[in-house]
Amino acid sequence: MSNDLEFPEGITLEILMAYADGALNADDTAKVKAAIEAHPSLAEEVALFQSSRSVLDGVFDAPMHEPVPDQLSALFMEPAKDIDTENVTSLHAARVKRSIYGSPIGQAIAACAVFAVGLFTGTALLDKGPSMQSNDSELLLAGRLDAKHPIAMALENTGSAKLVEFGGGQFDAVATFLTEGDVPCREFEAADTTGAMIGVACRRDDSWSVELLLAASPGVAPESGFQLASAFDSDVLDRVLNDLGASTGLSAGGEFCLIENDWDPAECKSE
Amino acid sequence: MTEHTALRREIVELIPRLRRFALGLTGHQADADDIVQTALEKALGRLDQFKPGTRLDSWLFRIVQTSWIDNRRKAVRREDTMDADMMARLPGQTDPGYEGTYAVRQDVTRALDSLPDKQRVLAVLVLVEGYSYQEAADATDSPIGTVMSRLSRARKSMMMFLNQEDQ
């Protein structure tokens with residue numbers, strides 16, 4: 001590689017760089033090509049610029065595949081309006097306290113096929129008939145998601161802690177884990193103008209099945225953004241997670257591997 | 001929904017790119033996240049200054065740049081050692097799904113460290129963030145001729161540094 005190459009008239013280091021980047025118009029590209037043919041050593045400079053791009057390709061991409069750290073997402077949390085914040089349980093704090101393995105309650109919850117008003121689009125969330133077990137502000141729901149439902153698509157393609165929006169609604173996957181039978185499952189939060197929900201869905205037979213969907217602070221309209229602080233019964237969530245035999249949450253890399261491999265845990269055994 | 005609410009949501013969506021940009025500038029994820037946090041705090045305090053219709057990412061990248069430069073004036077150089085926890089968090093070492101390995105990133109970071117600040121910013125904007133020359137000029141408030149001159153010298157210097165390290 002030359003350090004003090006003298007360039008032919010009309011050729012500069014900047015022009016060679018632009019040629020390497022494909023940033024020249026057709027006339028200038030032709031001129032540079034002719035110059036390279038006449039002075040082959042110019043090709044070394046072009047190769048150098050091309051290498052400078054390839055050597056950096058992807059090297060710093062880790063943040064694109066990771067959840068946003070709490071220190072940054074916390075800057076955007078807003079207090080819920082018209083909510084008695086003294087009596088609201090911070091979801092984040094609840095997740096930190098909650099032990100996936102540690103619930104003292106050992107009873108199973110019977111999962112019933114339930115029909116619910118769909119989030120975001122008003123279409124049916126589930127493709128089976130309804131039955132519902134409700135307890136004041138909670139709904140217990142289960143059933144297979146239609147593949148084209150926004151929640152199903154978000155579960156399929158979105159990394160955890162990455163806020164996703166769909167026409168008036170929001171989705172945020174909290175964590176991904178495997179059950180005792182190596183079934184991938186995800187805990188998630190979703191909200192629209194009718195309220196916020198926390199759910200657990202598992203990927204079985206190439207589709208997502210909702211194992212649990214809890215309404216959190218029903219009737220809250222998230223005017224100021226995603227309502228991350230809301231009240232819900234963490235014991236219910238714990239029971240479902242224990243019944244599933246949930247593992248500890250997967251790392252960002254493990255989750256990324258599942259997303260990239262159509263949620264087949266066998267392809268990600270090393271994670 | 002207020003205008004600032006929509007703007008805040010757009011900023012949240014850009015956080016991964018801001019982290020990547022800052023990682024290219026600092027070479028260390030923890031430092032990068034501190035820079036991004038400082039930049040986001042500044043941005044959130046200046047939402048009224050953002051001009052609708054202009055590039056939000058460029059506006060934020062400018063704030064990250066100035067935060068980085070301010071920090072460099074005060075920073076004590078960190079020892080280039082990684083403890084086990086930090087190593088475990090790096091892609092390439094434990095996460096085979098990622099392209100870059102720690103060794104490659106270390107080499108490239110050293111090469112970028114050898115550049116003057118303004119050259120490094122341009123190298124990261126164009127070669128990591130994929131900005132065009134004009135977009136990089138807008139993001140750095142520089143004439144495009146200056147951008148191309150600095151960028152070409154930056155890339156040549158970086159490759160000469162890497163080639164010397166290989167010898």
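Just so you know, these numbers use all the heavy atoms, side chains as well, and skip hydrogens, waters and symmetry mates. From a predicted model like this one, the values you see are computed outputs, not experimental measurements.
- A pairwise comparison of heavy atoms in B/V126 and A/R53 identifies O-NH1, 3.6 Å as the closest pair.
- To the nearest 0.5 Å, atoms CG (A/D21) and CG (B/L151) are separated by 7.5 Å.
- Contact between A/Q71 and B/Q37 at its shortest, heavy atoms only, is NE2-OE1, 2.6 Å.
- Residue A/A74: no heavy atom, backbone or side chain, is found under 4.5 Å from chain B.
- Between chain B and the residues A/S51, A/P67, A/A20, the most heavy-atom pairs under 4.5 angstrom are made by A/S51.
- Atom CE in B/M148 sits 4.5 Å away from atom CE in A/M17 (nearest 0.5 Å).
- The CG atom of A/D57 sits 10.0 Å away from atom CG of B/L127, with the distance rounded to the nearest 0.5 Å.
- Counting all heavy atoms, side chain and backbone alike, A/V55 lies closest to B/V108 at O-CG2, 3.8 Å.
- Put simply, the side chain of B/V124 does not reach to within 4.5 Å of the side chain of A/F60, judged on heavy atoms.
- The environment of NZ in B/K42 is crowded: more than 12 heavy-atom neighbours from other residues, nucleotides or ligands sit within 6.0 Å.
- Between A/P69 and B/R19, some side-chain heavy-atom pair lies under the 4.5 Å cut-off.
- Closest of all the heavy-atom pairs between A/E14 and B/S152 is CG-OG, 3.9 Å.
- In this structure, A/F76 CZ and B/I15 CD1 are separated by 4.5 Å, a value rounded to the nearest 0.5 Å.
- Smallest separation of non-hydrogen atoms from B/D33 and A/L72: O-CD2, 3.8 Å.
- Nearest heavy-atom pair, A/S52 versus B/M159, reported as atom, atom and distance to 0.1 Å: CA-SD, 3.5 Å.
- Contacts between B/F21 and chain A at a heavy-atom distance below 4.5 Å are absent for every atom of the residue.
- When each of B/R153, B/R20, B/E41 is scored by its heavy-atom pairs under 4.5 Å with chain A, the top score falls to B/R20.
- Of the residues considered (B/A154, B/P16, B/G145, B/A32), B/P16 shows the highest number of contacts with chain A, using heavy-atom pairs under 4.5 Å.
- Going from atom CD of A/Q50 over to atom CZ of B/R155 covers 9.0 Å, rounded to the nearest 0.5 Å.
- Put simply, the side chain of B/L23 reaches to within 4.5 Å of the side chain of A/P63, judged on heavy atoms.
- Of the two parts of A/E260, neither the backbone nor the side chain holds a non-hydrogen atom closer than 4.5 Å to a non-hydrogen atom of chain B.
- Ranked by heavy-atom pairs under 4.5 Å with chain B, the first of A/L56, A/N261, A/V68 is A/L56.
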